[in-house]
Every structure is written in structure tokens, then in C-alpha cells.
Amino acid sequence: MRIKHKSIGDRIFELCNGLLMIILAVVMLYPIINTVAVSFNDATDTLRGGIYIWPRQFTWYNYEVIWQTANLGVAFGVSVARTVIASALNVFLTAMVAYTLIRQDFVLKRFVTIIFVLTMYVNAGLIPGYLLNKSLGLLNNFWVYILPGLVSAFDLIIVRTYMKSIPGSLIESAQIDGAGEFKIFLTVILPLATPVLATVALFCAVAQWNSWFDTYIYCGSAKNLTTLQYELMKALSTSMNQSGSTANVLNADQAANQVTPTSIRAAITIVAAVPILCVYPFLQKYFVQGMTLGSVKE
Amino acid sequence: MRAVAKTANKPGNKKSFWQKCLQQKTLIFMSLPLVLLKILFAYVPLLGWVMAFQNYKPAKSFFDQDWAGLAKFEFLFKDAVFLRDIRNTLAMSLINLVLGFVTAILLALLLNEIKNVVFKRTIQTISYMPHFLSWVIVAGIVQNVLSTDSGIVNDILLRIGAIDSSINFLGEPKYFWGIVGASNVWKEVGWNTIIYLASMSAIDPSLYEAAEMDGAGRFNKILHVTLPAIKSTFIILLIMNIGNILNAGFEVQYLLGNGPIQDVSETIDIFVLKYGMQKNDYALGTAAGIFKSVISVILVFGANWISGKLGEDKLV
């Protein structure tokens, strides 16, 4: 057993490294904390500047305003619905296809694998995809959020890689007991694959929750299908265009209890970010595992 | 293991393909519908590529379209806007690629040197956070941070006296590529360390001990043990990223690239969106999309082939 003595150089390195990491953490966290502070600060007061990590004139007003206007209730509902439905469907269907691929004797194994893996490289592009969805009647249709992306090749590969580590003898003994394929999948494989399925659910949920472009392209004119991120995008572009007009609001003394694009955007940002930020720290083990499985070669 | 495979295969080998299909109908029923769905959404749109060779008018049926040959492609490669967009895409991609790899490997190495588990975990958790934010949120954050009246960057620069008056970072073309690069690093650097940290944790500790015996210091251990151990991970990620070189990202440029800086912010994807969806020139938009897809596939397989030739790991 050797006892290691830290040299002076080691200590200096560790100190600098630690400091550097703390700076990194501040750079990552500050913009979010600042946005929270702005969202809870009086809008006209914010224009005077100097809001850093704490609101100066605390108010709920920005949140009240976005809740009443901006179609935000609907947007929140649609965002939640697409996230939940897509994640649930994706997890179940990805697991089901992955199960057929771990069956060594499955006749279509190679065919199914190739069809899925090639989708990672083949990309028809925006316009052919748009025209297809249009001809399928998916314009201004909730299912355009769900169907085109169902069962991704990446997810399929990580679930398959994980399921391969489940002992084949479990499947065999279930077969001897007379269980059919679907029953084996449901009662033997699915429960054992929960850790990797949590990963898939997380990846899918994040992508769904954060998506705005599909709303913009496919459901831009359907008010009842708008999403939180799309509303935020609209708020962002208004505030980019109006950035010159903040001065007149500032001059008007009677402008107390008003809202500005900046404050509105801060409040919507927080509503759109908080659900995921509350969840991800607890799922760390799952996404780290998913990324590691995903880097395993074919 | 081998015995298991034999018993499973033996009866199968004697049967014809169709007999096997009948026997495995449940398995087929479990996977085929999703294969068809995938074919519909990933491969059927490829038929739309025909549009790029036509003067496509949505009102006409397929057989009534006028054929245009390669005219759309000729137009594209003579179009100054498209060529500019290729330049922008490549520039921002390369910046993202180099910055992305360098910062992720550097951060992973530094995290790997932290001995205090709780501190390391906390920093990791914080560094993953921006990955979970959407580009809409990140674009808003970038806009706030760089704003001329209350943005923290101008605030700090003014306080330390580096500048005399606020810089309008988002209004001047010369800053845009740098801003895109920095936003990408901010959003993804923590996330990108995950894979490297995983391969670092798989390194046999005896290698470090042996290096120590040979008198290697911290720096030499990183150079001769850690870096070689993550080489294959690095190469696989590089191959995957080279295929994405024409995907410079679309959202951040679309969201932050307002009027005056279009010259440096517009990418191929935005070109496709503009011509295809806003000006309804489906044929031209499709032609630009084809160019992008074909180059991407060539790049992936090219990089993969070169990597194989050099005796490195291959992706496919």
C-alpha cells in the first residue's frame, strides 16, 4: 500500500480545475436564473436594466398575462398531449420491434434491420416530406406530431443492444411453458427492459416537448394545435422586431403594470423549460446509459 | 450458447421461407406494420425527388408535368444566394465540428481529474442542463445575454473597460458565426462529454499505475493513457459528424438571423424553406434538398471507408 503525497503542482492544478468548473457552472446556470428573475419582475422596471439573479419588484403579473392571452393554455395542453402520447407509443412499439430482432431465427430479421438502419442516412428532405404529409391529410392534424417519427432507428438499436444481454434461456423456458411470442414479449422481455425503455421515453419526450418546427410547418394555422415552443417562437420573433420600441414604453410614466415582449418571453420560457428541468436530474443514469449503448457499433 | 443456437436453427433449416413465415407469423405481425410505416414516411418521399427534374406545378397530375432535366440544378449552382448558403453552412459546420470536439474532450478530461465525487456529479448535472432546453429557449437566452441595453456580456465588457459603448452583437455580420459556435458549445458541451467519460471510466486503473511507475506525471498520463483510450470513440463520432457537415443546424440560424445579417446566417436548410414553403417553388427546394442528402451520404460512407483503410474502427 503506497501513500500518495500530493505535490504542490497537483494542488495548484486541482484548485484551478475546481475554479474553472465553478465558472462553467455559473455560465450554464446564470442565463436561466436571470430569466427567472426577469419573469418575476415588473415589466417596466425590467427596462431600467440591472436585473441579475433576483427580481427587484416582484410580481406575478407577467404570468397572469400569458395565461390569459396568447393561447397558452391550449398550447400547454397540446404540448403535454403530444409528449405523453408519442413517448408511450414509441416505447411500446420500439420494444416490440426490438424484440423480434433479438430472435436469432426470425426470417425477416435482416430485412427489418436494414429498413430501419438506412433511415439514419436516407433523408428525402423537407419538401417531399411536406407533400407526403399533405396528401395523407396530416396538415392541421394532431397525428402529424406523432406518426412520422414513430420508432426511430437510433432508439431501436439501443433497445436491441440492451435486450441482447437478457439471457436467451428466459425466452426458451417461456416457450416450453407454451407462451406465444406476444406473451413472451409482454411478460418476460418488456419488464426486464424497463431501464432502457426509460431512456427511450426520455429522449422521445424531450424531442417532442422541445419541437416547434413541425407546428410551424404543419399546424401553423390551427389555433387548437399550437404548442408551447411555437408560441415561444412567435414571442421571440415579435420581441426581435420590436426591440427598438422599448424606449417609448420606458418614457411613458403611466406605463406601470404593463407588459413588454422581454418579460412575456421570459415568462413563457420558464413555463416551457421548467417541466424538463425538474425531471432530467433524476433520470441521469438512464440517459447516460442510452448514450453509451448508442455508441456501440453495429 | 452454441447448443442453444443449434436446436433453434435445426428444424428451421429444413423448412422453406414461406413455411417459416407462417410459423413466425406473430413475430412478423409485431414488426412488419412498423416497417411499412417507416417505408411510408422515410422512403416514399424519395419519389418526390422526381419533382426536381420537372417544372413542378402542384395543380397538375404527375404525367402532365413538364420535364426540366437538370435545369433546376444548373440554376442552383449559378445562383449566388445558394452558393453563399453553401459557404455559410460549411463555415458554421466546421466551426461547430472543431469547437464541439475540442471543448467536449477538454471538459471530459478535466471532469475526469476531479476526485471529489459529489462535486464532479454536481458539475456534470449542471453541464447537461442546456441540452434539454429547446433551441427556441436558447435563442431567447442568447438574445438576452447579448442585448445592447441589459445584456450581461456588454455589461461585463463595459465594466472592465474593454469597450466604450455596447456592441450590437446580433446586428453585425462579423460576430454571427462565432455566436452560433458559442451557443452550440454552451448547449451541448456537457452532453457531449457523456460518451467520453464512459469510455474513460472503462480504462483499466493498472494502466495509470504502470504509467506512474514509469514516472509519468498528470499530463503524460492523459497523453499516453487517457487519450489513446478514447481514440476509437472519437473516430466513430467523427465519422457520424462528417456525414452531418451540411447540417449546420437550422433552428439557431433561423431564429437569430434577422434581416441585416442574412448574408452570413442563411443556410441550405433555410434556402429550402424559403424557396419551397414560402415561395412555393417546390422543384427548386427539392433540388437543393437532394444536393444536401446526396453529399451527406457520400461523406458518411467516404469517411467510413477512409477510416477502414487507415486501420481504424468503422461505423458501418
Side-chain angles (χ1 to χ4, degrees), chain A residues 10 13 17 20-21 24-25 28-29 31 34-35 49 93 96-97 99-100 103-108 112 115-116 119 121-129 131-132 148 150-151 168 180-182 206 210 212 217 229 232-233 236 240 265 269 272-273 276-277 280-281 284 288 291-292 295 297-298, chain B residues 4-5 8-9 12 17 20-21 24 26-28 30-31 34-35 37-39 41-42 44-46 48-49 110 113-114 123 125-127 129-130 132-134 136-137 139-141 143-145 149-150 194-195 198 218 233 236 255 258 272-273 276-277 282 285-286 289-290 293 297 300 315-316:
Chain A
D10 269 350
F13 173 85
N17 195 13
L20 201 66
M21 292 300 128
L24 179 96
M28 298 286 172
L29 287 177
N34 178 250
T35 313
L93 297 174
M96 195 164 79
V97 179
Y99 168 71
T100 69
R103 299 296 311 273
Q104 289 302 324
D105 53 334
F106 179 39
V107 279
L108 297 182
V112 175
I115 291 286
F116 273 96
T119 60
Y121 304 104
V122 174
N123 183 5
L126 174 70
I127 292 159
L131 293 176
L132 174 78
L150 218 51
V151 185
E181 299 290 0
F182 193 70
V206 171
N210 281 343
W212 60 274
I217 290 282
Q229 303 286 342
L232 185 59
M233 193 279 275
L236 180 73
M240 280 197 88
R265 210 183 63 223
T269 299
I276 277 191
L277 295 189
Y280 93 89
Q284 232 177 102
V288 168
M291 293 302 289
T292 320
S295 67
K297 287 173 293 172
E298 271 306 279
Chain B
V4 171
N9 275 335
F17 176 76
K20 272 204 229 168
C21 286
Q24 299 180 341
T26 325
L27 285 178
I28 292 174
M30 286 164 81
S31 56
L34 286 146
V35 169
L37 190 84
K38 218 65 210 169
I39 291 175
F41 284 108
V44 169
L46 290 172
W49 280 15
L110 292 177
E113 295 295 323
I114 298 177
I123 297 291
T125 308
I126 293 172
S127 74
M129 184 270 293
F132 293 94
L133 302 175
S134 71
V136 184
I137 293 179
I141 284 173
Q143 205 196 7
N144 283 342
V145 163
D149 38 72
S150 56
I194 292 180
I195 289 183
R218 191 188 294 271
T233 310
I236 289 179
L255 295 167
N258 53 349
V272 171
L273 182 73
M277 309 301 295
Y282 289 151
T286 307
I290 292 176
S293 299
V297 170
V300 164
L315 178 67
V316 260

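Just so you know, these numbers come straight off a predicted model, no measurement behind them. In what follows, chains are A, B, ... by sequence order, proteins preceding strands, each numbered from 1.
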Next on the checklist: If I measure from the heavy atoms of chain A, does B:Ile194 come under 4.5 Å with its side chain, its backbone, both, or neither?
Outcome noted: side chain
Checklist outcome for this item: Rounded to the nearest 0.5 Å, the CG atom of A:Asp10 sits from the CZ atom of B:Arg218 at a distance of 4.5 Å
Checklist entry - Could you state the interatomic distance from CE (B:Met277) to CG (A:Leu126), rounded to the nearest 0.5 Å? => result 5.5 Å
Checklist outcome for this item: Bottom line for B:Val272: the part with an atom under 4.5 Å from chain A's heavy atoms is both
Next on the checklist: Side chains of B:Ile123 and A:Leu24, heavy atoms from C-beta outward: is any pair under 4.5 Å?
Outcome noted: yes
Item to check | Contact leader toward chain A among B:Gly276, B:Ala198, B:Gly140, B:Gly289, where contacts are heavy-atom pairs under 4.5 Å | outcome: B:Gly140
Next on the checklist: Is the shortest side-chain heavy-atom distance between A:Met28 and B:Pro130 below 4.5 Å?
Outcome noted: yes
Checklist entry - Does the side chain to side chain contact (heavy atoms under 4.5 Å, CB included) test come out yes or no for B:Phe41 and A:Leu150, once each step is laid out? => result CA-CA 9 Å; B:Phe41 284 108; A:Leu150 218 51; over 6 Å; no
Next on the checklist: Rounded at 0.5 Å granularity, tell me how far CG in A:Leu93 sits from CE in B:Met30.
Outcome noted: 10.5 Å
Checklist outcome for this item: Rounded to the nearest 0.5 angstrom, the CG-SG distance for A:Leu108 and B:Cys21 is 5.5 Å
Next on the checklist: Run A:Val122 and B:Val297 through side chain to side chain contact (heavy atoms under 4.5 Å, CB included) and show every step you take.
Outcome noted: CA-CA 7 Å; A:Val122 174; B:Val297 170; 5.7 Å; no
Checklist entry - Do A:Asn123 side-chain atoms and B:Ser293 backbone N/O form a donor-acceptor pair below 3.5 Å? => result no
Checklist entry - Can you find a heavy atom in the side chain of B:Leu27 that is under 4.5 Å from one in the side chain of A:Phe182? => result no
Checklist entry - Just wondering, do A:Leu132 and B:Val44 contact through their side chains at under 4.5 Å, heavy atoms? => result yes
Item to check | Choice from B:Ala139, B:Ala42, B:Ser134 maximising heavy atom contacts with chain A below 4.5 Å | outcome: B:Ser134
Checklist entry - Using non-hydrogen atoms only, which part of A:Gln284 is less than 4.5 Å away from chain B: side chain, backbone, both, or neither? => result side chain
Item to check | Side chain A:Tyr280, main chain B:Thr125, donor-acceptor under 3.5 Å | outcome: yes
Checklist entry - So what's closer than 4.5 Å to chain A heavy atoms on B:Leu37: side chain, backbone, both or neither? => result side chain
Checklist entry - By a 4.5 Å heavy-atom criterion (distance strictly below it), what part of A:Leu232 contacts chain B: side chain, backbone, both, or neither? => result both
Checklist entry - Between B:Leu34, B:Ile39, B:Ile290, B:Thr26, which has the largest tally of heavy atom pairs under 4.5 Å with chain A? => result B:Leu34
Item to check | Intermediate values then yes/no, side chain to side chain contact (heavy atoms under 4.5 Å, CB included), B:Ser31 and A:Tyr99 | outcome: CA-CA 9 Å; B:Ser31 56; A:Tyr99 168 71; over 6 Å; no
Checklist entry - Would you say the side chain of A:Pro128 lies within less than 4.5 Å of the side chain of B:Trp49, judging by non-hydrogen atoms? => result yes
Checklist entry - Does any non-hydrogen side-chain atom of A:Met233 lie less than 4.5 Å from one of B:Leu255? => result yes
Checklist entry - Given that the side chain runs from C-beta out, which part of B:Leu46 has a heavy atom under 4.5 Å from chain A: side chain, backbone, both or neither? => result both
Next on the checklist: One pair to check against side-chain hydrogen bond (donor to acceptor under 3.5 Å, both in side chains): B:Gln24 and A:Arg103. What are the steps and the verdict?
Outcome noted: CA-CA 10 Å; B:Gln24 299 180 341; A:Arg103 299 296 311 273; over 6 Å; no
Checklist entry - Roughly how far apart are A:Thr35 OG1 and B:Asn144 CG, rounded to 0.5 Å? => result 5.5 Å
Checklist entry - Contact part of B:Leu273 toward chain A, heavy-atom cut-off under 4.5 Å: side chain, backbone, both or neither? => result both
Checklist entry - Under 3.5 Å, is there a donor-acceptor pair between the side chain of B:Lys20 and the main chain of A:Asp105? => result no
Checklist entry - Which residue out of A:Val97, A:Ile115, A:Thr269 racks up the most heavy-atom pairs below 4.5 Å with chain B? => result A:Ile115
Checklist entry - Is the backbone of B:Phe132 close enough, under 3.5 Å, to the side chain of A:Asn210 for a donor and an acceptor to pair up by distance? => result yes
Item to check | Atom group of A:Val206 that falls short of 4.5 Å from chain B, counting heavy atoms | outcome: side chain
Next on the checklist: So for B:Ile141, is it side chain, backbone, both, or neither that comes closer than 4.5 Å to the heavy atoms of chain A?
Outcome noted: side chain
